[in-house]
Number of protein chains: 2
Amino acid sequence: MNFSISQLRDFAKQVFGKMNFSDEDALLSANFLTRADLRGVDSHGIARLRGYYNLFLNGRLNPKPVFKRHSRFPTLSTLDADQSIGFLSAYEAMNMSIRMARDTGVGIVAVKNSNHFGIAGQYALMAAEENMIGMAMTNASPLVAPTFSKDKMLGTNPIAIAIPSKISRPFVLDMATTTAANGKLEILQRKNSLAPEGWIQKKDGTLTSNPNELKEGGALRPLGSFPDLGSHKGYGLGAAVDILSGVLSGANFGPWVPPFVSFLPLAENLVGEGIGHFFVSFRVDGFMELDSFLNRMEAWMVAFRNASMIDNQAVLVPGDPEWLLEDERQLNGVYLLEAVIKDLNNLAMEIGIEPFSR
Amino acid sequence: MNFSISQLRDFAKQVFGKMNFSDEDALLSANFLTRADLRGVDSHGIARLRGYYNLFLNGRLNPKPVFKRHSRFPTLSTLDADQSIGFLSAYEAMNMSIRMARDTGVGIVAVKNSNHFGIAGQYALMAAEENMIGMAMTNASPLVAPTFSKDKMLGTNPIAIAIPSKISRPFVLDMATTTAANGKLEILQRKNSLAPEGWIQKKDGTLTSNPNELKEGGALRPLGSFPDLGSHKGYGLGAAVDILSGVLSGANFGPWVPPFVSFLPLAENLVGEGIGHFFVSFRVDGFMELDSFLNRMEAWMVAFRNASMIDNQAVLVPGDPEWLLEDERQLNGVYLLEAVIKDLNNLAMEIGIEPFSR
């Protein structure tokens with residue numbers, strides 16, 4: 001069944017309201033949450049609303065956070081998010097970074113004591129909308145094993161980069177540093193389908209195609225999948241994201257990052273506060289005239305979109321698939337699985353708001 | 001046969017001298033070139049000396065470059081490298097970026113009109129030696145096909161990140177955004193060995209294990225290798241490196257990046273000058289006390305090195321393998337193939353210096 005984005009957003013706003021968010025914060029959070037549904041990252045959208053609600057119930061998500069900033073330089077800043085939902089702290093931190101870049105050329109903000117922020121690309125995009133280059137990353141619950149290890153030491157730790165162009169909508173790379181984001185695994189688990197070989201390993205480190213092995217002590221593999229195809233590179237990228245987001249900000253890092261699901265306990269001897277994010281904005285007109293850059297970027301995009309195809313499969317620029325989906329879903333709405341609809345209806349009943357769907 | 005690093009360095013210095021480099025520039029270039037041999041990236045070391053010499057002969061490498069800077073902000077700068085060898089422009093740009101970071105917290109330098117700079121990690125390391133976080137990247141001759149394309153549109157476009165720690169030597173991620181650097185292919189070509197499936201595609205875009213297909217119109221695959229294992233992510237990373245290094249700096253980008261080998265002609269209708277690099281340095285003490293950061297980073301490294309192993313294969317931190325090799329080669333020297341020794345002896349004869357080896 002299909003639902004309009006505004007219907008998803010209104011429902012999410014009501015739920016955040018019941019979590020004691022201010023009206024403004026509830027609207028912002030609902031916007032950022034459902035942006036994932038709009039852009040086709042279904043696992044990070046409305047389907048996760050219950051997860052955030054459970055974090056609130058367990059006292060791990062503060063609905064009235066008071067952000068604290070620390071800056072020794074006008075270009076660098078740390079934000080203590082006071083256990084905020086990630087949407088609000090990421091929005092605040094990216095705005096800080098953009099303001100700093102407006103004044104000094106570049107702004108970098110590391111966030112600690114936060115929670116999951118949905119899809120990374122939308123924060124990077126905020127800078128591109130100001131004709132800056134934006135980057136956003138975050139660490140996340142440990143699910144990924146380093147090359148040659150059995151242990152879940154890293155999250156799917158996404159990297160997003162957004163770059164403005166003249167005519168085309170921005171270049172947006174928004175990628176988990178694993179072969180596949182955890183959400184894709186969740187979908188396979190729900191459907192009882194197999195995963196491609198190279199996504200998952202079992203508890204003993206051997207390969208498997210069974211996505212349910214993740215719940216039996218298995219782990220995701222880093223991008224590259226196999227040592228001889230460069231899995232140490234995906235591991236290294238995920239590690240860099242963890243260090244910039246977690247070690248540098250004062251958040252937890254590696255295996256200590258708090259799990260998203262509230263039924264899993266926190267790790268012992270935590271090494272920091274909450275989860276961590278990392279944001280960068282910088283001006284392109286510090287390097288060349290803005291208009292020259294935008295024209296060069298457009299030429300780059302045109303050249304790559306026109307590269308010769310294999311089997312008539314379109315050659316895309318990072319971000320193109322999400323922009324296409326956004327247009328289509330703005331028009332036709334978003335398809336939700338029965339299980340998701342039922343879960344949202346149950347949530348509505350529990351907290352005393354109108355059902356999501358009848 | 002094994003040779004000491006100082007022997008390689010002295011020989012390279014003499015060759016750069018014959019290319020009319022100043023003594024200081026010849027020594028610097030020899031140092032950076034042979035750092036690749038020291039750290040185990042044999043393809044980027046002394047074996048490439050003849051390649052740089054040929055670029056000089058063809059007038060594509062200026063031995064007496066005059067660098068021109070352009071800065072609108074104290075944090076951002078462009079460097080026109082005046083067709084310098086990449087070692088000198090990268091050294092200059094990274095030093096600029098470190099000085100800017102010392103004053104303002106962060107320095108970003110984009111370089112155009114340059115040539116290949118060897119291994120990226122050594123420039124990122126310069127920042128780590130100052131207790132900063134350093135990043136270095138470069139675009140390179142087109143060899144890599146985007147996902148679903150037959151065309152060589154990108155170089156192996158490496159990303160390097162170096163991060164200081166308390167006791168351990170720095171974390172150094174230094175990775176091509178392909179499954180394997182081109183140098184590894186060159187080694188397989190020389191030995192007539194097969195490559196793992198996923199490294200290379202033929203002219204028509206189908207997979208092959210034959211490394212010689214690269215010379216027959218084939219291409220390298222981005223990290224991830226296959227669409228269902230996330231090759232669009234490796235492509236996206238290589239694309240981001242190309243845009244930051246090439247589009248933003250005013251250098252050539254994508255398929256227009258000049259080839260390293262001087263016998264290949266330049267592309268028509270060039271879109272910029274030379275090849276491009278991108279360097280970032282920023283202070284960690286803009287986020288927390290330096291010593292707290294170094295201790296947290298050490299804890300990160302210890303946790304990852306102690307992760308449980310598959311088949312007793314050590315779990316490494318990015319940079320560990322290169323540090324081990326550096327120690328070993330400092331002690332025992334570097335093994336060079338007969339073909340490389342012969343090539344260096346021929347070069348010595350051509351330019352009238354003492355043979356490399358008798």
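These values consider heavy atoms only, across backbone and side chains, with no hydrogens, waters or symmetry-generated copies.
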B:Ala195, part contacting chain A, at a heavy-atom distance under 4.5 Å | neither
A:Thr178 versus B:Lys233, closest heavy-atom pair with distance = O-NZ, 2.9 Å
For A:Leu76 and B:Gly286 the tightest heavy-atom approach is CD1-CA, 3.8 Å
Interatomic spacing from CZ in A:Arg72 to CG in B:Asp285 - rounded to 0.5 Å = 4.5 Å
Please look at B:Ile161 and chain A and tell me whether the side chain, the backbone, both or neither of the residue comes under 4.5 angstrom of a heavy atom of that chain.
-> side chain
Examine whether an atom of B:Ser249 lies under 4.5 Å from a heavy atom of chain A, and if so say whether it belongs to the side chain, the backbone or both; otherwise answer neither.
-> backbone
Non-hydrogen side-chain atoms of A:Ile108 and B:Phe282 separated by less than 4.5 Å | yes
Would you call the rings of B:Phe304 and A:Tyr235 parallel, tilted or perpendicular if under 30° counts as parallel and over 60° as perpendicular?
-> parallel
Output yes when a side-chain donor or acceptor of B:Ser149 lies under 3.5 Å from a complementary backbone atom of A:Met309, and no otherwise.
-> no
Which region of B:Ser77, side chain (C-beta onward) or backbone (N, CA, C, O), has a non-hydrogen atom less than 4.5 Å from a non-hydrogen atom of chain A, or is it both or neither?
-> backbone
Chain A heavy atoms under 4.5 Å from B:Leu237: which part of the residue, side chain, backbone, both or neither?
-> both
Report the C-alpha distance between A:Asp242 and B:Trp300 in whole Å, list the side-chain angles of each, state the deciding distance to 0.1 Å, and finish with yes or no for side chain to side chain donor-acceptor pair (under 3.5 Å).
-> CA-CA 9 Å; A:Asp242 189 40; B:Trp300 189 96; 2.8 Å; yes
B:Leu229 portion near chain A, given a 4.5 angstrom heavy-atom threshold | both
